[in-house]
Amino acid sequence: MGRSDRPIPKTRVAATAGLMLALTAASVPPQGSDKTLLGRWHTEREGGVVEIHRCGQALCGRVVDGTRLRANPDQRDVRNPDRTQRDRKVLGARVLSGFAGGPDRWKGGPLYDPETGNRAGSGTLTLVNPDTLKVQGCIAMFLCKTQTWRRAR
C-alpha cells in the first residue's frame, strides 16, 4: 500500500474538520458586528462629535458635542436649506441617516453638515480600523467629499 493509499486516522479528519469550521466561522462577521461602528466619533472640524447609533435596522448619527456648542448649547440650525428646520437645535440634530451594510462598509444617506448647511443624498461609512472612520458624502456619483473621523475616547 502506497503512502497515498493509507487510510487517514479519524482523529486527523476530526481535527482538520474542526480547523476548517473555525476558519470559516472567523471569516463570517458576527451578527451585530455594527457595534464596532457604534459610538462617538470626532469630526474633522470645529471639535464636532457625532454619535452613531441604531435607528431601526439601519445606523444613524446625531450631533452630541462641538466647540461652538459648548459656547452656545442653544445654537440653531440656521444654515439649513430647509427653512422649516432652521429653528431646530444643532445639538441632537441627525446628520447621518439610513446606513446599512457592514461590518466594515456601510451605505446610506442622506448626510447633513449643520456647519455649512450642505446635504449629500448618499454616502459611505468605511471603518478603516477600530479608531478611524472614513465618511464620504456624495451629491452625484462623481461629486463626493470625504472626511476622516476618529473614535472619541
Side-chain angles (χ1 to χ4, degrees), residues 14-153:
T16 302
L19 178 61
M20 290 177 68
L21 181 61
L23 289 173
T24 302
S27 67
V28 175
Q31 196 166 18
S33 61
D34 61 325
K35 291 187 185 343
T36 58
L37 194 61
L38 298 177
R40 293 180 175 211
W41 295 87
H42 290 285
T43 66
E44 284 186 353
R45 297 187 314 256
E46 298 294 328
V49 179
V50 171
E51 181 179 58
I52 297 177
H53 57 92
R54 281 220 150 288
C55 54
Q57 295 297 315
L59 297 181
C60 295
R62 64 176 173 235
V63 176
V64 294
D65 195 13
T67 304
R68 292 182 187 178
L69 287 172
R70 284 190 294 277
N72 177 14
D74 198 44
Q75 181 181 352
R76 301 300 167 148
D77 194 8
V78 296
R79 292 186 177 92
N80 197 313
D82 180 350
R83 290 183 182 275
T84 65
Q85 296 289 316
R86 290 183 182 169
D87 203 32
R88 75 176 180 164
K89 288 186 176 186
V90 171
L91 185 61
R94 185 173 281 185
V95 293
L96 303 172
S97 297
F99 282 82
D104 298 327
R105 188 175 169 101
W106 296 75
K107 292 185 177 191
L111 297 85
Y112 175 65
D113 181 357
E115 182 182 324
T116 63
N118 292 334
R119 185 178 308 274
S122 64
T124 305
L125 306 175
T126 304
L127 193 62
V128 177
N129 62 52
D131 294 322
T132 307
L133 180 65
K134 294 284 185 183
V135 178
Q136 183 181 60
C138 302
I139 57 174
M141 278 183 23
F142 56 88
L143 192 54
C144 301
K145 287 190 176 184
T146 303
Q147 284 191 10
T148 301
W149 293 2
R150 304 281 177 220
R151 187 175 297 277
R153 296 281 174 208

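- When each of Thr84, Asp77, Asp82 is paired with Asn80, the side-chain hydrogen bond (donor to acceptor under 3.5 Å, both in side chains) condition holds for Asp77 and for no other.
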List, one per line, each side-chain donor-acceptor pair under 3.5 Å for residues 92-105, sequence neighbours excluded.
none

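- In this structure, the side chains of Pro114 and Arg79 stay at 4.5 Å or more apart for every pair of heavy atoms.
- Rounding to the nearest 0.5 angstrom, the gap separating the NE2 atom in His42 from the CD atom in Gln147 is 13.5 Å.
- The two residues Cys144 and Ala140 make their nearest non-hydrogen contact at SG-O, 3.7 Å.
- Within the 4.5 Å cutoff, no side-chain heavy atoms of Gln136 are placed close to those of Thr126.
- For the pair Asp65/Arg70, a side-chain contact is recorded, criterion being any heavy-atom separation below 4.5 Å from C-beta on.
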side-chain contact (heavy atoms from CB on, under 4.5 Å) evaluation trace for Leu59 with Arg54: CA-CA 5 Å; Leu59 297 181; Arg54 281 220 150 288; 3.8 Å; yes
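- Contact detail for Arg151 and Leu38: the closest heavy-atom pair is NH1-O, 3.1 Å.
- Nearest heavy-atom pair, Arg40 versus Val49, reported as atom, atom and distance to 0.1 Å: CB-CG1, 3.8 Å.
- A side-chain donor-acceptor contact under 3.5 Å links Glu44 to the backbone of Thr148.
- Residues forming a side-chain hydrogen bond (donor to acceptor under 3.5 Å, both in side chains) with Asp113 (at least two apart in sequence, or on another chain): Arg45, Thr116.
- Of all heavy-atom pairs between Ile52 and Leu37, the closest is CB-O, 3.8 Å.
- Annotation: salt bridge (Lys or Arg N to Asp or Glu O under 4.0 Å) contacts of Arg150 (sequence neighbours excluded): none.
- For the residue pair Trp41 and Thr36, the shortest heavy atom distance occurs at CZ2-O, 4.0 Å.
- Atoms CH2 and CG, on Trp106 and Leu133 in that order, are 11.5 Å from each other to the nearest 0.5 Å.
- The heavy-atom pair separating Tyr112 from Pro81 by the smallest distance is CE1-CD, 4.1 Å.
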